[in-house]
Asks: 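Structure in structure tokens, see below.
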Number of protein chains: 2
Amino acid sequence: MDTFSILRNHNLRRTACREGILKVMMTSGKALSESEIRSHLMGNFDRTTFYRSFKTMEDSGILHKIVVDDRMVRYGLSEAVTGKSSHPHFYCTTCHSVFCLDQSLVAPQLPSGFSTDDLEMIVKGVCKKCNA
Amino acid sequence: MDTFSILRNHNLRRTACREGILKVMMTSGKALSESEIRSHLMGNFDRTTFYRSFKTMEDSGILHKIVVDDRMVRYGLSEAVTGKSSHPHFYCTTCHSVFCLDQSLVAPQLPSGFSTDDLEMIVKGVCKKCNA
DNA sequence: TCCATTAATGCAACAAATTTGTATTTGCAA
DNA sequence: TTGCAAATACAAATTTGTTGCATTAATGGA
Ligand SMILES: [Mn+2]
Ligand SMILES: [Mn+2]
Ligand SMILES: [Zn+2]
Ligand SMILES: [Zn+2]
């Protein structure tokens with residue numbers, strides 16, 4: 001799917017910043033941070049614009065935000081683009097890459113009276129490349 | 001277990017700040033943020049000192065850091081104090097409380113070549129009190 | 001194609017959470 | 001009791017993200 005179709009299918013205007021973000025993310029195959037995306041785009045856009053673009057595309061279901069740690073936030077392409085549903089993430093403690101995993105998430109047993117809205121899981125370890 | 005023993009068992013010096021943090025946490029039964037702990041201790045210590053104390057006690061296994069979201073970090077008493085092992089956490093989106101859950105965590109299937117060091121899960125929802 | 005409308009962007013300022021440097025104080029072992 | 005390493009306070013810096021506002025650009029319809 002091309003960046004133009006992705007944006008149009010979600011009723012978002014086609015802008016250079018949004019298309020740049022999507023292109024970088026589709027190429028990398030990993031979840032990326034604001035600063036990583038900005039450096040790939042050679043500083044063509046303001047930081048504010050990236051943050052507003054992330055928010056817009058997250059609200060539209062194109063991206064999802066992954067909080068690896070405070071001070072480490074990444075964005076990944078969502079179901080609408082990749083076909084994957086809610087899933088755990090893997091953080092490599094060596095190369096700091098973040099990958100979306102294919103599994104689905106299972107809620108743990110909760111105390112009585114508690115209800116669940118959302119589940120998030122981060123697996124920390126070492127990726128294939130760094131283990132080699 | 002008293003705060004003195006906890007610190008001594010982990011080869012940490014007994015200081016007013018560390019004992020204050022532990023006392024507040026043992027009383028509350030929930031995971032607390034730096035500002036919550038600071039307000040319980042009536043501003044007796046500098047914020048820097050709290051952050052350095054958290055780090056020291058986390059490194060020693062007395063506390064664990066819970067990242068609910070970027071911009072929302074809490075600390076909980078660890079296994080060494082409570083007897084609980086690695087566990088998921090629950091965040092109430094209504095009252096913003098964070099609870100350590102009793103279940104244990106199961107790692108999802110990883111791609112070949114990947115290895116796991118640590119697992120973190122946050123369940124977001126509504127707690128018993130807020131559901132009532 | 002041209003235009004009006006409305007959304008997107010850039011820029012400056014702001015803000016909160018956390019970290020770092022350093023001089024001073026304190027815990028504790030000898 | 002004393003010496004020394006560790007802990008603390010305070011100021012300043014960093015990191016990450018947000019907000020207000022004037023300017024620019026995308027898009028649908030004339
Ligand atoms: Mn993902
Ligand atoms: Mn916990
Ligand atoms: Zn790696
Ligand atoms: Zn609640």
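Every chain is numbered from 1, with letters handed out A, B, ... down the list of sequences.
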Asks: I need the CD1-C1' distance between B:I21 and D:dA7, as an integer number of Å.
Replies: 12 Å
Asks: So, is B:T48 near the phosphate of D:dC10, with a side-chain N or O under 4.0 Å from OP1 or OP2?
Replies: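 No.
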Asks: Which is true for B:N11 with a 4.0 Å heavy-atom rule: it touches a base, it touches only sugar-phosphate, or it touches nothing?
Replies: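 No contact at all - B:N11 keeps every heavy atom at 4.0 Å or more from the nucleic acid.
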Asks: Are side-chain heavy atoms of A:L63 and A:L77 found at a separation under 4.5 Å?
Replies: yes
Asks: Check this for me: does the side-chain of B:R71 come within 3.5 Å of the base of D:dG17 through a donor and an acceptor?
Replies: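 Per atom types, no contact qualifies.
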Asks: Look at the side-chain N and O atoms of B:T49 and state whether any lies under 4.0 Å from the OP1 or OP2 oxygen of D:dA9.
Replies: yes
Asks: Take the protein atom CG of A:L7 and the nucleotide atom P of D:dT27, then report the distance between them rounded to whole Å.
Replies: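 Rounding to the nearest Å, CG of A:L7 and P of D:dT27 are 9 Å apart.
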Asks: Just N and O in the side chain of A:R52: are any of them under 4.0 Å from OP1 or OP2 of D:dT18?
Replies: no
Asks: Using whole Å, report how far CG of A:D69 lies from P of D:dT15.
Replies: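 Answer to the nearest Å: 16 Å.
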Asks: Expressed in angstrom and rounded to an integer, what is the separation of A:N44 atom CG from C:dC11 atom C1'?
Replies: 16 Å
Asks: I want to confirm an ordering. Mapping A:R47 and A:R14 to their closest nucleotides on DNA chain D, which one lands closer to the 5' end?
Replies: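 Comparing both residues, the 5'-ward one is A:R47.
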Asks: May I ask you to evaluate whether A:S53 reaches the phosphate of C:dT9, defined as a side-chain N or O under 4.0 Å from OP1 or OP2?
Replies: yes
Asks: If hydrophobic clusters are built from ILVMFWY residues whose side chains come within less than 4.5 Å, do A:M25 and A:F4 share one?
Replies: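 Different hydrophobic clusters.
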Asks: Could you state the CG-C1' distance from B:L12 to D:dA6, rounded to the nearest angstrom?
Replies: 11 Å
Asks: Without decimals, in angstroms, what is the distance between B:D70 CG and C:dA17 C1'?
Replies: 11 Å
Asks: Before accepting this row, confirm whether a basic side-chain N of the pair A:E120/B:K124 lies closer than 4.0 Å to the acidic partner's carboxylate O.
Replies: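 Counted as a salt bridge, because a side-chain N and a carboxylate O are separated by less than 4.0 Å.
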Asks: Keeping the roles fixed (side chain from A:N131, backbone from A:V126), state whether a donor-acceptor pair exists under 3.5 Å.
Replies: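 Answer holds: yes.
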Asks: To the nearest angstrom, how far is A:R13 atom CZ from D:dA26 atom P?
Replies: 9 Å
Asks: Would you say a side-chain N or O of A:S35 is under 4.0 Å from OP1 or OP2 of D:dT16?
Replies: no
Asks: Let me know the distance between CG of B:D46 and P of C:dT24, rounded to the nearest Å.
Replies: 17 Å
Asks: Would you say C:dT19 has OP1 or OP2 under 4.0 Å from some side-chain N or O of B:Y51?
Replies: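 Looking at the OP1 and OP2 atoms of C:dT19, neither is under 4.0 Å from any side-chain N or O of B:Y51.
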Asks: Answer whether the closest heavy-atom distance between the side chains of A:H40 and A:K23 falls below 4.5 Å.
Replies: no
Asks: Side-chain N or O of B:R18 less than 4.0 angstrom from OP1 or OP2 on D:dA7?
Replies: yes
